[in-house]
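I have placed the structure first, in the form of structure tokens, so that the comments after it can refer back to it.
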Amino acid sequence: MAQPNTARFGKFIVSLESADSPNVFVAPCGFTSKSLVMGKNLSEISIPDCNDPDLPIWLGRDVQTNTASITGEGVLAAESVPRWLAAYESTESVECQVEVQFSTGTLTFQGHFHLENWTLGAEQGGRVTANVSMQSDGEITGTWTPV
């Protein structure tokens, strides 16, 4: 059996566009956990069997909307505070990029996201932590670039 090609934690990169340099993406420091969730909102309709109306009805589903969210948590790194603060204070969405780098290629998602939640916390004897939640604002594009 051949082993699958996988990517390590450091090759999953969540980046925000630089507030100072358009089209330059910077990965905020401090994440110890991060995720990208792609989703669809569906409508449902019952589709009966025309030849045998006594059979169970199957549901048909149609896509109404697409959505994406980014979450991350970890330590609050001073180096990342200005960018997170700017994203929080902005009423405009922020261009974001999520990359997964494999030895065989790179999977990239890119689009605009609003910083929905920026939660700072701490416990006695520990470090200050940060949790972020971002929601897509419009279309998110995904590309696979083989090496």
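FYI, side chains are in, hydrogens and waters are out, and symmetry mates aren't considered; it's all heavy atoms of this structure. Along the sequence shown, the residues carry numbers beginning at 1.
- A donor and an acceptor atom, one from each side chain of Thr71 and Ser133, are nowhere located under 3.5 Å apart.
- Counting only heavy atoms from C-beta outward, the side chains of Val100 and Phe109 never approach each other to under 4.5 Å.
- Judged by distance alone, with hydrogens and angles left aside, the side-chain atoms of Arg83 form no donor-acceptor pair with the main-chain N or O of Ala27 at under 3.5 Å.
- Transitive grouping of hydrophobic side chains (ILVMFWY, heavy atoms separated by less than 4.5 Å) brings Tyr88 and Val128 into a common cluster.
- A heavy-atom distance below 4.5 Å is found between the side chains of Trp84 and Leu16.
- Within the model, atoms OG of Ser43 and CD of Gln64 stand 4.5 Å from one another, a figure rounded to the nearest 0.5 Å.
- Nearest approach of Asp137 to Ser93, heavy atoms of both residues: OD2-OG, 2.8 Å.
- If you take CG on Leu120 and OG1 on Thr129, they are separated by 7.5 Å, rounding to the nearest 0.5 Å.
- Scanning both residues, Phe25 and Cys96, for their nearest heavy atoms gives CE2-C, 3.9 Å.
- Once rounded to the nearest 0.5 Å, the distance linking CG of Asn23 with OG of Ser18 reads 10.5 Å.
- Considering every non-hydrogen atom in both Phe102 and Thr6, the closest pair reads CD2-C, 3.8 Å.
- In this structure, the separation between CD1 on Ile47 and CH2 on Trp58 is 11.0 Å, given to the nearest 0.5 Å.
- Looking at Leu36 and Ser69, their side chains never come closer than 4.5 Å, going by heavy atoms from C-beta outward.
- For the pair Phe31 and Val75, the minimum side-chain heavy-atom distance is 4.5 Å or more.
- Two residues are said to be in side-chain contact when any heavy atoms from C-beta on lie closer than 4.5 Å; Arg61 and Glu44 meet this criterion.
- Side chains of Gln135 and His114: no donor on one and acceptor on the other come within 3.5 Å.
- In plain terms, the two heavy atoms of Leu59 and Ser46 that are nearest each other are CD2-OG, 3.9 Å.
- Taking 4.5 Å as the limit, every side-chain heavy atom of Val94 sits out of range of all side-chain heavy atoms of Phe113.
- Nearest approach of Pro82 to Ala78, heavy atoms of both residues: CD-O, 3.5 Å.
- Taking hydrophobic clusters as Ile, Leu, Val, Met, Phe, Trp and Tyr residues chained together by side-chain heavy-atom distances below 4.5 Å, Ile140 shares a cluster with Leu107.
- Judged by distance alone, with hydrogens and angles left aside, the side-chain atoms of Thr108 form no donor-acceptor pair with the main-chain N or O of Thr143 at under 3.5 Å.
- Minimum interatomic distance between Ser15 and Pro28 (heavy atoms only, all atoms of both residues): CA-CD, 4.3 Å.
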message: Apply side chain to side chain donor-acceptor pair (under 3.5 Å) to residues Asn5 and Ser103 and explain how you reach the verdict.
response: CA-CA 7 Å; Asn5 229 331; Ser103 62; 3.0 Å; yes

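- The distance from the CG atom of Leu76 to the OG1 atom of Thr119 is 11.5 Å, given to the nearest 0.5 Å.
- Residue Phe12 holds its CZ atom at 11.5 Å from CD of Gln101, rounded to the nearest 0.5 Å.
- At least one donor-acceptor pair closer than 3.5 Å links the side chain of Ser136 to the backbone N or O of Ala68.
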- prompt: Are Gln110 and Thr141 close enough, and set up right, to give a side chain to side chain donor-acceptor pair (under 3.5 Å), and what steps lead you there?
  reply: CA-CA 5 Å; Gln110 190 167 326; Thr141 59; over 6 Å; no

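- Using a 4.5 Å cut-off on side-chain heavy atoms (C-beta onward), Trp144 and Pro146 make contact.
- Counting only heavy atoms from C-beta outward, the side chains of Ile70 and Val98 approach each other to under 4.5 Å.
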